[in-house]
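For reference, the structure is listed below as structure tokens.
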Amino acid sequence: MFINYEHENHVYNVTVERRKNHYYIMYDNTEYTVEADEIKPGQLRIKLGDRVIKCVITEGEKDKFVFVDGDVFKVKPVELTGAKKTKEKMEGDLSSPISGKVVSIKVKSGDSVKKGDILMVIEAMKMEYLIRAPYDGKVKKVNFKEKDQIEIGQNTVELIRNKEA
Amino acid sequence: MFKKVLVANRGEIAVRIIKACQEMGIKTVAVYSEVDKNAPHVHLADETVNLGEPTPAESYLNIPKIIEVAQDLGAEAIHPGYGFLAENPDFAQACHDKGIKFIGPSPGVISLMGDKIAAKKTMEKAGVPIIPGYHSIKQDTSTLVKEGKKIGFPLLVKAAAGGGGKGMRIVHSEDFLEESIEGAKRESKSSFGDDTVFLEKYLDKPRHIEFQILADEHGNTIHLFERECSIQRRHQKIIEETPSPVMTPALRRQMGEAAVKAAEAVGYTNAGTVECMVDGDLNFYFMEMNTRLQVEHPITEMTTGMDLAKWQLRIASGMELTLKQKELSQRGHAIECRIYAEDPSNGFLPSIGTLERVESPTGPNVRDDTGIYTGMEITPYYDPMLAKLVVGSENRGESIDKMIWALSRYVVLGVTTNISFLKKVLEHEEFRNGNITTHFIDNYFKDWTIAKEGLPVDAIIALAVYDSMHTKTQEVVRYKEVDPHSPWKHVGRWRMGAGV
């Protein structure tokens, strides 16, 4: 299965397959084969080669919390929702928070998006940054294509805001 | 000894006091607000009374209601803990008027020590060193400027009624003195409704070192050594330790004697703390006296073997101190870390939410004073301190190692906490070397953020395994079909089971 985790505006793409208590995890072009058991609810003991990862995971209302090696990380599984049709529009724009490479474009001109939808994924320093729709609207123009270089502050997508009903 | 005591507080300190009462065979009454009805202090007490609305003014600060509860249930004494009503002279007086013993010093002493100018004047008279400064009532600008020049620079302009950095200015030269005085006065007026300021010499490499005092009602006063509390954020302590890494036997004797003298000068009774600033040359100056049990009292207990909460109860019931100063000694070293629901990456702002999971570390000489539980709601009504983790060891280095070990095993999920931050502070070379000042956090951790290195690969593996374990077959299909543009694509082709 394929999962995207969002942590502090970065997205982590992971694939995982399971055979009994063996798990095959692919992340950042590296494969990890682990053996794992749930010792008590939410508490895992994961054997990776000659070391053991001990962790505790809980699910809150929106977020997952993972405790590993004494630190806690709050992550959100990313929902990739489909586009929805809308009627009235207003103008708006979205600039890139970083300089990097466009790795994925989720929309094309004419698409309708809902607030929070992912429009574009930009990669910099091995981290991914999400450009999300700040409001419901319609895509007027996508200014980049995949693999393009993008500079900080450049407008990624021109998004026309839906007027309040 | 009392037969029944009302504890007018909540959280870990209420739990701490109730446990001390239980050990001594004293019945306890807990009071609580609506949101605390499932709190540990409520479960522990023999009798409980709901004070109503969660706003402190309606509940934990409601003097008439608390007094009424004590009278109705026949509690002979009230322990105020710290915070809330602990240093409120009107509350102490109200207890006294109704024939209830307030566990703490007299209303007069609380009132005197609550006025920082009056407190310093009293200490100066008693021969306790105070920071060179101007603490008089003549408050016109020209007098203040003249006095400021006498003290020299850098100097501090401070609101008399102040706290938390409000109404405070550091002045580095004469040119800025007048405008700083006026600015501090304006800020103080709007924050505290009082524009009295005082001027003080600004100390180089300041440390906050305090002495624990116990005084009975028969004229005996002892000190229980120092606590080093220099590690602070937003003018609040987060890590405390004893002994202080800079303390020498001579300085300890000098400061201890001064602290006892300070307490005796005001006729102090019960537990109290004399807070001092110590500069780079180990000169010490009286700052203020806290007329209550301190948050950080467990490190003193860990190194002296004395139980301060029990001694508070004994003293209040009229018992005499059994130990003399010369019989007291400290053994080993102890550290306390205050675990807060707050975000160190975001200006230490309090975080609220539900505690989805809480697991505290246990082990030899590891003490966790807490009033939290799994499922508890952290609300914006009260102080966001979740727990006090205390460790003791033979020496400072071992205590630091033990604390890092314990923090690494403290699981608090659901709200953002400062646990990782505390660990980073303890791991810092300058902390380990004992080179700490009250500016430590500002100097070394100003823009610290946990997210810098992103999600570690161990966390990603853990999440993937967890989600794989907890996902049913149909849901796996849904994941696959969700979006043809999904960015997992760029991880490249990957064959299931490859490499096995």
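Quick note: numbers below take in every heavy atom, side chains included, and nothing from hydrogens, waters or symmetry partners. These numbers come from a predicted model, not from an experiment. Lettering of chains follows the sequences in order, A, B, ..., and the numbering in each one begins at 1.
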For F73(A) against G454(B), the heavy-atom pair lying closest together: CE2-O, 4.1 Å

Y12(A) (side chain) donor-acceptor with L455(B) (main chain) under 3.5 angstrom: yes

Which portion of F67(A) sits near chain B, non-hydrogen atoms under 4.5 angstrom: both

Result of checking V16(A), V14(A), I25(A), V68(A) against I461(B) for side-chain contact (heavy atoms from CB on, under 4.5 Å): I25(A)

Distance, nearest 0.5 Å, that separates CD1 of I57(A) from CG of D467(B): 7.0 Å

Under 4.5 Å from a heavy atom of chain A, the part of V457(B) involved: side chain

Pairwise distance OH(Y466(B)) to CD1(I3(A)) - rounded to 0.5 angstrom: 12.0 Å

L463(B) side, atom CG; K64(A) side, atom NZ - distance, nearest 0.5 Å: 7.0 Å

Heavy atoms of other groups near E394(B) CD, more than 12 under 6.0 Å: no

Among N21(A), V56(A), V72(A), V34(A), residue most engaged with chain B (heavy-atom pairs, under 4.5 Å): V56(A)

K423(B) vs D71(A), side chain to side chain contact (heavy atoms under 4.5 Å, CB included): CA-CA, chis, key distance, verdict: CA-CA 9 Å; K423(B) 259 195 307 179; D71(A) 290 319; 3.4 Å; yes

Pairwise distance OH(Y24(A)) to OG(S468(B)) - rounded to 0.5 angstrom: 11.0 Å

Derivation of the salt bridge (Lys or Arg N to Asp or Glu O under 4.0 Å) call for R51(A) and D458(B): CA-CA 11 Å; R51(A) 68 190 187 96; D458(B) 282 12; 2.6 Å; yes

Smallest separation among heavy atoms of A462(B) and I46(A), with atom names: CA-CD1, 3.6 Å

Gap separating the CD atom of E59(A) from the CD atom of E356(B), nearest 0.5 angstrom: 9.5 Å

Top contributor to chain B interface from Q43(A), K54(A), K74(A), E61(A) [non-hydrogen pairs under 4.5 Å]: Q43(A)

Which atoms of T354(B) approach chain A - backbone, side chain, both or neither, heavy atom under 4.5 Å: neither

Heavy-atom closest pair, residues R18(A) and M469(B): NH1-CA, 3.6 Å

